[in-house]
Amino acid sequence: MSACCGPSRSGAGDASGPAIADLTAPHTTHHTDLTGMVRIPAGEFAMGNDAPDAFPGDGEGPVRRVHVGEFHIDATAVTNDQFGAFVAATGYRTETDRFGWSFVFDGLIDRRDRSAVMDGTVPGAPWWTAVRGADWSHPYGPRSDLQGLGDRPVVHVSWNDAAAYAAWAGKRLPTEAEWERACRGGREGSTFPWGDELQPGGEHRMNVWQGEFPRRNTGDDGYLATAPADAFAPNGFGLYNTTGNVWEWVADFFSAHWHTRETDRTRRDPQGPPAGPTRVLRGGSYLCHVSYCNRYRTAGRTQNTPDTSTGHMGFRCAADVGPRAGIDA
């Protein structure tokens, strides 16, 4: 995976992580509370991107017609308050808690926590720093906290953590096709959920980096790190921040190739044969900038190992309404 989108935990630390089986939430609800979720109608849409701004190596293209069944999806990414309720109810410990460290963007590390910085740098991305004691409730280092951040997307959660939360809530992670259909808000082929201009009329529509990356973020959009989960205007389906703010884990294993309908069907079924050891993330984050990581688009995607956590990765949940994501039309 390109380190610009997020470093991988694999091989980066000196602690060994728990087995995936150990990460199952201690309690799963039997009733799905649909409060805060949006119902997405079944339909066909053009998925992917093969325009000049696409990253072919990321598997954005080719554009293909995909039919997705009806489903529910959270209007916002899961917040710190929501994840905190899960932890309080279950005693769940995230993978970062167990590893004892996580990746923090260097410019956001609490100055009091410089002694917690671990040795070594991420090749090609020195702005990522491993920090002991950084976790979902201490996002910038062990002395930081969530004061005033309850409505921000939870970060420093791995794919395994996200799946555990979803199971506890009686939900699941969205498939990649579901996520992209919801992200687009009913628009066909547009670069962003609202159209093709990053700032129509000079208006900021999402939380990304402004200025010179990684040295100076002007914060012209109002935020230097995460924004509230419901910041900015919603898309056509009523979803907030489907691009920018935080990368969002989805159910699928990562593959950079779309060959056949059978391959497409497998990729939308997380129980099917894995295409590789990594999972897909969608949407970009507050650290994205056109100069190096132009992935804060409706078709932008990346990957990481399911045990990795960083200060810019979060998630939102989905829930079934009849059949799950369908196959190509």
In this structure, would Trp159 and Trp136 fall into the same cluster of hydrophobic residues linked by side-chain contacts under 4.5 Å? yes
Run the ring-centre check on Tyr286 versus Phe105 and record whether the distance is less than 6.0 Å.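 Not close enough - the centres of the two rings lie 6.0 Å or further apart.
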[X] side chain to [Y] main-chain N or O, any donor-acceptor pair under 3.5 Å?
X: Asn235; Y: Ala182; answer: yes
X: Asp196; Y: Thr191; answer: yes
X: Arg112; Y: Arg143; answer: yes
X: Gln210; Y: Val208; answer: yes
X: Glu248; Y: Thr242; answer: no
X: Asp58; Y: Glu60; answer: no
X: Asp161; Y: Glu95; answer: yes
X: Arg216; Y: Gly211; answer: no
X: Arg184; Y: Ser190; answer: yes
X: Thr32; Y: Gly170; answer: yes

Tell me which one of Trp249, Trp128, Tyr296 satisfies ring-ring contact (aromatic ring centres under 6.0 Å, His included) with His312.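 Of Trp249, Trp128, Tyr296, ring-ring contact (aromatic ring centres under 6.0 Å, His included) with His312 is met by Trp128 alone.
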According to the interplanar angle, ranging from 0 to 90°, do the rings of Tyr92 and Phe83 count as parallel (below 30°), tilted (30 to 60°) or perpendicular (above 60°)? perpendicular
Is the ring pair Trp101/Phe103 parallel, tilted or perpendicular, if the boundaries are 30 and 60 degrees?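 Plane angle over 60°, so perpendicular.
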Asp74 pairs by salt bridge (charged side-chain N to carboxylate O under 4.0 Å, His left out) with which of Arg316, Arg172, Lys171?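 Only one of Arg316, Arg172, Lys171 forms a salt bridge (charged side-chain N to carboxylate O under 4.0 Å, His left out) with Asp74, namely Lys171.
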Test salt bridge (Lys or Arg N to Asp or Glu O under 4.0 Å) on Asp106 and Arg114 and set out the steps. CA-CA 10 Å; Asp106 192 75; Arg114 282 291 162 182; 3.1 Å; yes
